[in-house]
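Working notes, structure below.
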Amino acid sequence: MKHTVTPHPSQAIGVFDSGVGGLTVVRALIKKLPNESIVYFGDTARVPYGPKSSDVVRVYTRQDTDVLLKHYVKMIVVACNTVSSVALDVVEKQSPVPVVGVIEPAAEIAARRTRTKRIGVIGTLGTIASSAYTKAIHRHDPSVTIEAQPCPLFVPLAEEGWDNHEATRLIAREYIGPLVEKGIDMLVLGCTHYPILKNIIGEAAGSAVTLIDSADATADVVADLLAGHSLLRTESEPAEYTFLVSDVPHKFREIGERFLGRRLDRVEKIDDTHFT
Ligand code: DGL
């Protein structure tokens with residue numbers, strides 16, 4: 001049920017993702033808004049969402065949103081591209097506080113900056129199958145041609161830390177090469193994990209292609225929204241970060257710290273039967 005609440009500037013920003021990947025979005029948020037406290041929830045017990053049906057992702061999304069609302073956040077950032085593609089309306093319906101997904105911010109930048117009117121979009125199977133980026137880009141410029149490519153192998157490669165590995169280079173060329181041949185000049189990194197592989201994706205795309213990082217684009221939109229709603233935190237004490245997960249898998253801290261770019265001091269496993 002949706003309640004009416006008035007968010008307060010001192011509350012934290014809520015961020016959720018299918019797992020650890022959304023920490024790339026948290027990293028971008030901390031860089032852009034260092035004074036904001038953040039509550040992050042990663043559904044590490046049920047990740048990945050990318051290969052799952054949209055019906056299942058929508059059910060998970062409802063439960064993920066509940067976790068954040070229980071922490072009285074002032075807004076919700078849907079860091080997961082798959083959720084933003086197939087279930088943003090679920091969060092919007094449920095949330096009494098403002099909601100930002102990752103699709104629209106990156107789509108807007110890519111549509112505005114393309115010169116060749118050909119934009120490449122890479123993401124999970126779910127994100128690409130939904131055509132969410134195509135629809136969002138076409139709302140800004142219907143004349144753009146979209147070259148979309150699912151890149152499911154990038155998720156485990158990023159988690160494995162293979163961001164400078166020949167195997168990843170080879171796979172990147174397989175995925176990205178055909179998009180470049182079609183004349184794209186923008187490539188949207190439509191998945192939480194892809195910023196980790198930015199160098200290799202950039203090499204495969206070549207210098208004529210600009211990479212659009214949906215995490216950075218989203219952080220800019222969040223900053224504008226908070227300012228527009230007079231919700232920017234004004235306290236001078238340092239911001240607080242809370243990291244919640246539905247499971248603590250092996251290597252979670254190692255992967256998480258790499259994605260976040262800083263230490264993960266405290267990670268709490270939530271106690272909720274929905275997630276077990
Ligand atoms: N977080 C997901 C996304 O951005 C990638 C990982 C997954 O498949 O759950 O789409």
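Quick caveat: nothing in here was measured; it's all calculated off a predicted structure. The first residue of the sequence shown is numbered 1, and numbering continues consecutively from there. For ligands, and for the atoms within them, numbers begin at 1 and follow the listed sequence.
Scanning all protein heavy atoms for the shortest distance to atom 10 (O) of ligand 1 gives Thr82 OG1, 2.6 Å.
Residue contact check: Ser18 has heavy atoms under 4.0 Å from atoms 1 (N), 2 (C), 6 (C), 7 (C), 9 (O) of ligand 1. The ligand atoms of ligand 1 that sit less than 4.0 angstrom from a heavy atom of Asp17 are 1 (N). Contact atoms of ligand 1 toward Val47: 9 (O) (distance under 4.0 Å to a heavy atom of the residue). Ligand 1 places these atoms under 4.0 Å from at least one heavy atom of Tyr49: 7 (C), 8 (O), 9 (O). Of all atoms in ligand 1, listed by their number and element, those nearer than 4.0 Å to a heavy atom of Gly50 are 7 (C), 8 (O), 9 (O). Interface atoms of ligand 1 facing Cys191, defined by a heavy-atom separation under 4.0 Å, are 3 (C), 4 (O), 5 (C).
Aromatic ring pairs are classed by plane angle as parallel below 30°, tilted from 30° to 60° and perpendicular above 60°; the pair Tyr241 and Phe243 is tilted.
For Pro48, the heavy-atom gap to ligand 1 drops under 4.0 angstrom.
For Tyr60 and His274, the gap between ring centers reaches or exceeds 6.0 Å.
Listed here is the closest heavy atom pair of Ile212 and Ala110: CG1-CB, 4.2 Å.
More than 12 heavy atoms of other residues, nucleotides or ligands shown are found within 6.0 angstrom of CZ on Arg112.
Side chain of His140 to backbone of Ala107: no donor-acceptor contact under 3.5 angstrom is found.
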